[in-house]
*Asks:* 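Let me give you the structure first, and then I'll get to my questions.
In this text the structure is predicted, and so the values were computed from the model without any measurement. The sequence lines fix the lettering, A, B, ..., with proteins before strands; numbering per chain opens at 1.
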Number of protein chains: 2
Amino acid sequence: MPAPSGAAERAYEHTKTRILSGEIPGGRLLSEGEVAAELGISRTPVHEAFLRLDAEHLLAVSSRRGAAVVPMAPDEARDVLEMREAIELSTARRALAHGAPPVETLDAMRASLQDQREAAAAGDVEAFVEADGRFHTVLVVASRNQTAQQFHGLLRDRQQRLRRQLLHVGPQQVASSLGDHEAMLAAAEQGDVEEFCRLVGEHVRRHRGIL
Amino acid sequence: MPAPSGAAERAYEHTKTRILSGEIPGGRLLSEGEVAAELGISRTPVHEAFLRLDAEHLLAVSSRRGAAVVPMAPDEARDVLEMREAIELSTARRALAHGAPPVETLDAMRASLQDQREAAAAGDVEAFVEADGRFHTVLVVASRNQTAQQFHGLLRDRQQRLRRQLLHVGPQQVASSLGDHEAMLAAAEQGDVEEFCRLVGEHVRRHRGIL
DNA sequence: GCGCGCCACCTTGCATGCAACCTAGAGTGC
DNA sequence: GCACTCTAGGTTGCATGCAAGGTGGCGCGC
């Protein structure tokens, strides 16, 4: 996101960042005027931003009552993980349908994996989570299914929020994920679809166990 | 859709219906003022409706150039079908995880199937398509995965549009689908997850063959 | 005839104003 | 003390107005 030129875009990014980071707790009421005053813009673009966030199920706007940050149900983590698994399996099957993917794809996975190793070595959990997300996105993008990319992006946002508030990513999770990812990359390099899908399933199951 | 009380909601439903039905061809330029004048409301709620439609990838709004109805790429049908398969497989696995689903779920499937039989007998393709969509939604709802329901709803909208413009649903497709659905219901009644998933795969593959 | 620049029109983005509506709280009757 | 009403504040929904930006077409120079 280079430059949020429009006021509506600024309001959207501003509010979304604050919700995803957990700076605004779930259940908290936001008002359009409040955000508008913070950013020095009018209520109109803030209204649009709130509607977008409502469509992403991050905010629940009630007519003439205000907008509440959607609190996270314990089931939500399970739902989001399940959808991510479904989408990543489906896109992986397509991306690996004709054997190993092109070098650019593998290089992107390798680069992300290298970042993960460095972040893990440095104990930088934030950087690891970021690289982790990128790793899982590579094959989704490589599948060239734009709908899948759209859905996967929405899921990543919500999972980021879950991770901050429900899960506590510790060193052992980092190490475990890193190992899973290395195995997944190896399977992708050999174009072994079934093995890759099996690993995705295990990976998700492990995440789910943390709940 | 009981009563579109708000002006923004009216503008949304109005425009969406016209896009999905194919009344407005792909590539056609729409302007907010045009729709606002048609409905006798101001541009503000129309603007909001356009943004929602843009988020659903039905409309592409360009700043100060107008909004174009997104033309349908031939790949889009494949993408949408693939995502539907992924979501329906995932939700079916959960809904059937503990054997046969509750009676309400099976009854909903049976009711939709009965509507399909009647529509097929009467040669009413529109009614069949409607009941078809309901059938596929039953297990998604039964999975109680709200994210899946949200995604599946978006996919149904886009598939409806594809069906009107790319596919031509004829009597043989109706008969074929009806047969598939009956087999799927039987598998659901017996709680046979693997058989159900296999049938979903075949069903989707058959649809895909029409392209 | 052909290419180029300018201008008028059309479009959206945002600010502002007003009215409807919901909610919380004080005040009143019992 | 308790329930009820009514009012005052706050919030959104929508209309309107204005300005910035893009597009197409006309006219001019060649």
*Asks:* Which sits closer to the 5' end of DNA chain C, Ser31(B) or Thr44(B), going by the nucleotide each is nearest to?
*Replies:*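 Result: Ser31(B).
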*Asks:* Is the closest basic N to carboxylate O distance between Arg18(B) and Glu38(B) below 4.0 Å?
*Replies:*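 Yes, Arg18(B) and Glu38(B) are salt-bridged.
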*Asks:* Give a yes or no on this: more than 12 heavy atoms of other residues, nucleotides or ligands lie within 6.0 Å of atom CZ of Arg65(B).
*Replies:*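 Check fails, neighbour count at 12 or below.
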*Asks:* For Gln149(B), I'd like to know if atom CD has over 12 heavy atoms of other residues, nucleotides or ligands within 6.0 Å.
*Replies:*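 Yes, the 6.0 Å shell around CD holds more than 12 heavy atoms from other groups.
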*Asks:* Checking Thr147(A) now: which residues fulfil side chain to side chain donor-acceptor pair (under 3.5 Å) with it, not counting sequence neighbours?
*Replies:*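 Thr147(A) satisfies side chain to side chain donor-acceptor pair (under 3.5 Å) with Arg158(B) only.
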*Asks:* Salt bridge or not between Asp79(B) and Arg94(A)? Use side-chain N to carboxylate O under 4.0 Å.
*Replies:*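 Looking at Arg94(A) together with Asp79(B), the answer is yes, because their closest N to O distance falls below 4.0 Å.
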*Asks:* At a heavy-atom distance below 4.0 Å, which nucleotide of DNA chain D is the first touched by chain B, and which is the last?
*Replies:*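 In short, chain B contacts DNA chain D from dC14(D) to dT23(D).
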*Asks:* Roughly how many Å is it from CZ in Phe50(B) to P in dT12(C), rounded to a whole number?
*Replies:*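 The answer, rounded to whole Å, is 7 Å.
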*Asks:* Can you list, by residue number, the residues of residues 51-63 of chain A that have a non-hydrogen atom closer than 4.0 angstrom to DNA chain D?
*Replies:*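 Correct list: Ser63(A).
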*Asks:* Would Glu48(A) and His47(B) count as a side-chain contact (heavy atoms from CB on, under 4.5 Å) here? Give the steps.
*Replies:* CA-CA 9 Å; Glu48(A) 292 171 5; His47(B) 186 62; 2.8 Å; yes
*Asks:* Would you call the rings of His181(B) and Phe128(B) parallel, tilted or perpendicular, taking 30° and 60° as the class edges?
*Replies:*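 It falls in the parallel class, under 30°.
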*Asks:* Find the distance between CD1 (Ile19(A)) and CD (Gln160(A)) and round it off to the nearest 0.5 Å.
*Replies:*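 With rounding to 0.5 Å, CD1 (Ile19(A)) is 12.0 Å from CD (Gln160(A)).
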*Asks:* Give the rounded distance in Å between these two atoms: CD of Glu48(B) and P of dT12(C).
*Replies:*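 Whole-Å distance recorded here is 14 Å.
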*Asks:* Both Glu32(A) and Arg43(B) contact DNA chain D. Which one's nearest nucleotide lies toward the 5' end?
*Replies:*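 The 5'-side residue here is Glu32(A).
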*Asks:* With a 4.0 Å cutoff (strictly under), does any side-chain N or O of Arg65(A) reach OP1 or OP2 of dT23(C)?
*Replies:*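 So the side-chain polar atoms of Arg65(A) do come within 4.0 Å of the phosphate oxygens OP1 or OP2 of dT23(C), strictly under.
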*Asks:* Can you measure Leu29(B) atom CG to dT12(C) atom C1' for me and round it to whole angstrom units?
*Replies:*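 Value for this atom pair: 13 Å.
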